[in-house]
Amino acid sequence: MSHPRFPQAVPPEDPNVPAWPRRRVLQTGLTLGSAAWLAGCASLIGQAKPQVVVVGGGWGGLGAVRALAAEQVAAVTLVEPNDRFMSCPMSGHYVAGVGSLDELLHGYQRVEALPGVQRVRARVQAIERDRREVVLDNGQRLRYDHLVLSPGVEYMEESLPGFAAAREALPVGFRAFEHQAVRAQVERFYAQGGTLVMSAPKPPYRCPPAPYERAMLIAEQIKKRGVRGKIVFLDANAAPTPAPTAQPILGALKAYADVIDYRPNVELQAVDAGRRTLQTSAGELRYDHANLVLPMRAQALVRQAGLGQRWAEVELPSFQAKADARIFVIGDAQGSPQPKSGQVAFGQGRAVGEEIARRLRGQSGPAPAGDIELPVGICWAATSHDEAINVNVVTTLSPGEAPKLRFTVDPQPSARSGAAAWSWARGVWRAMLG
């Protein structure tokens with residue numbers, strides 16, 4: 001695929017790490033409400049630097065911080081409570097017992113050292129849009145001229161009766177710092193054997209290939225370690241999702257047919273952790289261990305701020321909140337058709353940071369000459385400790401039409417893609433965290 005590219009998105013000497021496309025959104029002119037916002041910004045030029053608050057130090061938030069720091073047109077405050085960044089992409093290897101946790105953990109020191117950037121270690125309790133303030137759990141209030149939200153997801157626990165009472169025993173592991181609990185559960189399964197029930201919900205949810213990847217990595221260890229157990233995989237979908245990945249993933253699952261019982265079109269209805277039973281659309285199922293992936297939605301902060309219900313409602317291609325011209329929502333919390341993946345979030349963050357800088361300079365940019373390309377999606381579905389399926393997604397906007405997604409997917413797993421996945425991850429981690 002050929003795309004316009006962000007300059008220096010990753011170290012240029014690494015040929016295995018693709019660069020990010022430069023969205024033509026940066027030349028698209030004004031979106032809904034932004035003309036009025038720009039008029040207000042004119043009074044900021046020449047005075048103290050405007051205040052931009054970025055909520056969330058994950059892939060999207062770090063993309064925005066990096067871009068804003070490079071532009072040096074605003075004072076940037078990153079609100080992130082965790083001492084370190086933990087990557088969810090590539091975590092399947094760790095969960096399955098074939099990867100190191102240290103590889104996924106990175107400090108924020110180099111981000112905090114960027115010019116014009118400070119980090120506040122706190123959690124956001126509320127957004128008061130009328131006052132343009134972010135309220136933190138330490139009592140502090142941060143005033144903003146512009147706000148970037150990348151808060152990630154939460155699980156829709158009410159969708160599975162019985163889960164809330166048993167969440168400690170049933171870790172999901174699709175958010176940072178939950179993976180240790182899932183790893184411990186998987187190690188118990190290896191030691192004890194029995195039936196491990198895993199699941200995939202209907203999309204949209206974070207990293208669609210990940211449940212299948214996790215199952216295959218664990219299945220490989222079942223065979224290698226001689227575990228007296230099996231995986232029952234309950235897929236709420238008719239086939240692995242997204243659809244263009246279905247055939248390669250189904251083909252890879254065949255290698256584990258003796259240890260993975262793959263059951264499509266089966267939805268979870270309730271869980272009884274005391275009895276270790278699941279009620280499903282196909283009847284009751286007993287389990288010894290379970291890793292259930294629940295439906296997801298944006299963090300509650302999005303609803304508290306009146307920016308949307310399940311997902312934040314945003315304008316494309318700018319990712320400006322429909323409800324507020326001063327707020328952008330990026331990453332997995334926003335409700336566009338783009339895949340909910342780390343690569344996409346980082347690209348959205350970079351593009352939004354550049355868009356904010358352009359607006360702060362009072363620049364509207366020329367109207368687009370044709371289709372607009374949103375940040376590219378690149379991900380890798382591991383099928384074993386050393387093989388993977390590469391998935392690339394390009395999203396384009398045509399005037400008056402819904403976004404179009406174009407997938408390029410490896411027809412089968414390969415060691416080349418397995419190695420490229422780690423090269424990509426390390427390159428992106430460097431680009432985000434230094």
inquiry  = Is there a salt bridge (charged side-chain N to carboxylate O under 4.0 Å, His left out) between Glu354 and Arg358? Walk through the geometry before answering.
reply    = CA-CA 6 Å; Glu354 293 179 354; Arg358 181 181 65 76; over 6 Å; no

key: Worked check of side-chain contact (heavy atoms from CB on, under 4.5 Å) between Val55 and Val148   = CA-CA 6 Å; Val55 176; Val148 181; over 6 Å; no

query = Can you check side-chain contact (heavy atoms from CB on, under 4.5 Å) on Glu220 and His385, steps first, answer last?
reply = CA-CA 8 Å; Glu220 182 186 35; His385 73 283; 2.8 Å; yes

request  = Output, in order, the C-alpha distance, side-chain angles, deciding distance and verdict of side-chain contact (heavy atoms from CB on, under 4.5 Å) for Leu374 and Leu397.
outcome  = CA-CA 8 Å; Leu374 301 185; Leu397 291 174; 4.1 Å; yes

ask   = Between Asn291 and Met198, does a side-chain contact (heavy atoms from CB on, under 4.5 Å) hold up when you go through it step by step?
value = CA-CA 5 Å; Asn291 180 218; Met198 305 183 71; 3.8 Å; yes

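Other residues, nucleotides and ligands contribute at most 12 non-hydrogen atoms within 6.0 Å of the CZ atom of Arg416. In Arg123, the CZ atom is not crowded: 12 or fewer heavy atoms of neighbouring residues, nucleotides or ligands sit closer than 6.0 Å. The 12-atom threshold is not exceeded at CZ of Arg84, counting heavy atoms of other residues, nucleotides or ligands nearer than 6.0 Å.
Residue pairs meeting the side chain to side chain donor-acceptor pair (under 3.5 Å) criterion with at least one member in residues 157-171, sequence neighbours excluded: Glu157-Arg167, Glu158-Arg297. Annotation: salt bridge (charged side-chain N to carboxylate O under 4.0 Å, His left out) contacts involving residues 85-105, sequence neighbours excluded, comprise Glu103-Arg426. Identified under the salt bridge (charged side-chain N to carboxylate O under 4.0 Å, His left out) test for residues 58-78, with sequence neighbours left out: Glu71-Arg361. A salt bridge (charged side-chain N to carboxylate O under 4.0 Å, His left out) check over residues 378-394, counting only residues at least two apart or in different chains, returns nothing. Sorted by first then second residue, the ring pair (Phe, Tyr, Trp, His ring centres under 6.0 Å) pairs that include residues 89-139, not counting sequence neighbours, are His93-Trp422, His106-Trp429.
In this structure a side-chain-to-backbone donor-acceptor pair under 3.5 Å is missing from Thr396 to Glu373. Of the possible donor and acceptor atoms, none in the side chain of Tyr212 sits under 3.5 Å from a partner among the backbone N and O of Ala215. A donor-acceptor pair under 3.5 Å is formed between the side chain of Lys340 and the backbone N or O of Asp332. No donor-acceptor distance shorter than 3.5 angstrom exists from the side chain of Ser398 to the backbone of Glu401, with no hydrogens or angles considered. Without hydrogens or angle criteria, Tyr262 side chain to Leu250 main chain gives no donor-acceptor distance under 3.5 Å. Of the possible polar contacts, one joining the Asp410 side chain to the Asn390 backbone as a donor-acceptor pair under 3.5 Å is found. Listed for the Asn237 side chain is no donor-acceptor partner under 3.5 Å among the backbone atoms of Ala239. Side-chain N or O atoms of Gln309 include none that pairs as donor or acceptor with a backbone N or O of Arg303 at under 3.5 Å. At distances below 3.5 Å, at least one donor-acceptor pair connects side-chain atoms of Glu154 with backbone N or O atoms of Ala300. With Lys49 contributing its side chain and Gly116 its backbone, the two residues share no donor-acceptor pair below 3.5 Å.
A 4.5 Å side-chain heavy-atom check between Pro403 and Gln338 finds every atom pair outside the cut-off. No side-chain heavy atom of Cys379 sits less than 4.5 Å from a side-chain heavy atom of Val344. Counting only heavy atoms from C-beta outward, the side chains of Gln118 and Leu78 never approach each other to under 4.5 Å. Side-chain contact between Trp424 and Pro89 is present, with at least one heavy-atom pair separated by less than 4.5 Å. Residues Leu147 and Phe328 have side chains not in contact (no heavy-atom distance under 4.5 Å, counting atoms from C-beta outward). Tyr190 places a side-chain heavy atom less than 4.5 Å from the side chain of Ile218. When side chains are defined from C-beta on, Leu292 counts as touching Leu278, because their heavy atoms get closer than 4.5 Å. Pro248 places none of its side-chain heavy atoms less than 4.5 Å from the side chain of Pro411.
Across all non-hydrogen atoms, the minimal contact from Leu196 to Ala290 is CD1-N, 3.8 Å.
The pair Glu112-Arg119 counts as a salt bridge, with a side-chain nitrogen and a carboxylate oxygen less than 4.0 angstrom apart. Of the charged side-chain nitrogens involved, at least one lies within less than 4.0 Å of a carboxylate oxygen, so that Arg359 and Glu355 count as a salt-bridged pair. Using a cut-off of 4.0 Å between Lys/Arg side-chain N and Asp/Glu carboxylate O, Asp145 and Arg143 are scored as salt-bridged.
Considering CZ of Phe346 and CD1 of Ile378, their distance stands at 11.5 Å, rounded to 0.5 Å. Between Leu307 atom CG and Gln334 atom CD the span is 12.5 Å, to the nearest 0.5 Å. We find the SG-CZ distance between Cys207 and Arg214 to be 9.5 Å, quoted to the nearest 0.5 Å. Interatomic distance, Gln412 CD to Ile389 CD1, rounded to the nearest 0.5 Å: 9.0 Å. Summarising the geometry, atom OH belonging to Tyr287 is positioned 10.5 Å from atom NE2 belonging to His289; distances are rounded to the nearest 0.5 Å. Here the CG-CZ distance, from Asp324 to Arg129, works out to 4.5 Å after rounding to the nearest 0.5 Å.
For Pro151, the side chain to side chain contact (heavy atoms under 4.5 Å, CB included) partners at least two apart in sequence or on another chain are Leu149, Gln299, Val302, Ala333. Residues passing the side chain to side chain donor-acceptor pair (under 3.5 Å) test with Gln51: none are found, sequence neighbours excluded. By the side chain to side chain contact (heavy atoms under 4.5 Å, CB included) test, Ala169 pairs with no residue at all, sequence neighbours left out. In terms of the side chain to side chain contact (heavy atoms under 4.5 Å, CB included) criterion, residue partners of Ala219 (sequence neighbours excluded) are, by chain and number, Ile231, Tyr256, Val259, Ile260. Residues satisfying the salt bridge (charged side-chain N to carboxylate O under 4.0 Å, His left out) criterion with Arg141, sequence neighbours excluded, are Glu128, Glu133. Scored by the side chain to side chain contact (heavy atoms under 4.5 Å, CB included) test, Pro161 finds Ala270 as partners (sequence neighbours excluded).
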List the atom pairs, with distances to 0.1 Å, where a side-chain N or O of residues 170-180 and a protein N or O form a donor-acceptor pair under 3.5 Å, not counting sequence neighbours.
from   : atom 1 : to     : atom 2 : distance (Å)
Arg175 : NE     : Glu178 : OE2    : 2.7
Arg175 : NH2    : Glu178 : OE2    : 2.9
Glu178 : OE1    : Tyr155 : OH     : 2.5
Glu178 : OE1    : Gly173 : N      : 3.1
Glu178 : OE1    : Phe174 : N      : 3.4
Glu178 : OE1    : Arg175 : N      : 3.4
His179 : NE2    : Ser91  : OG     : 3.2
His179 : NE2    : Gly173 : O      : 3.2

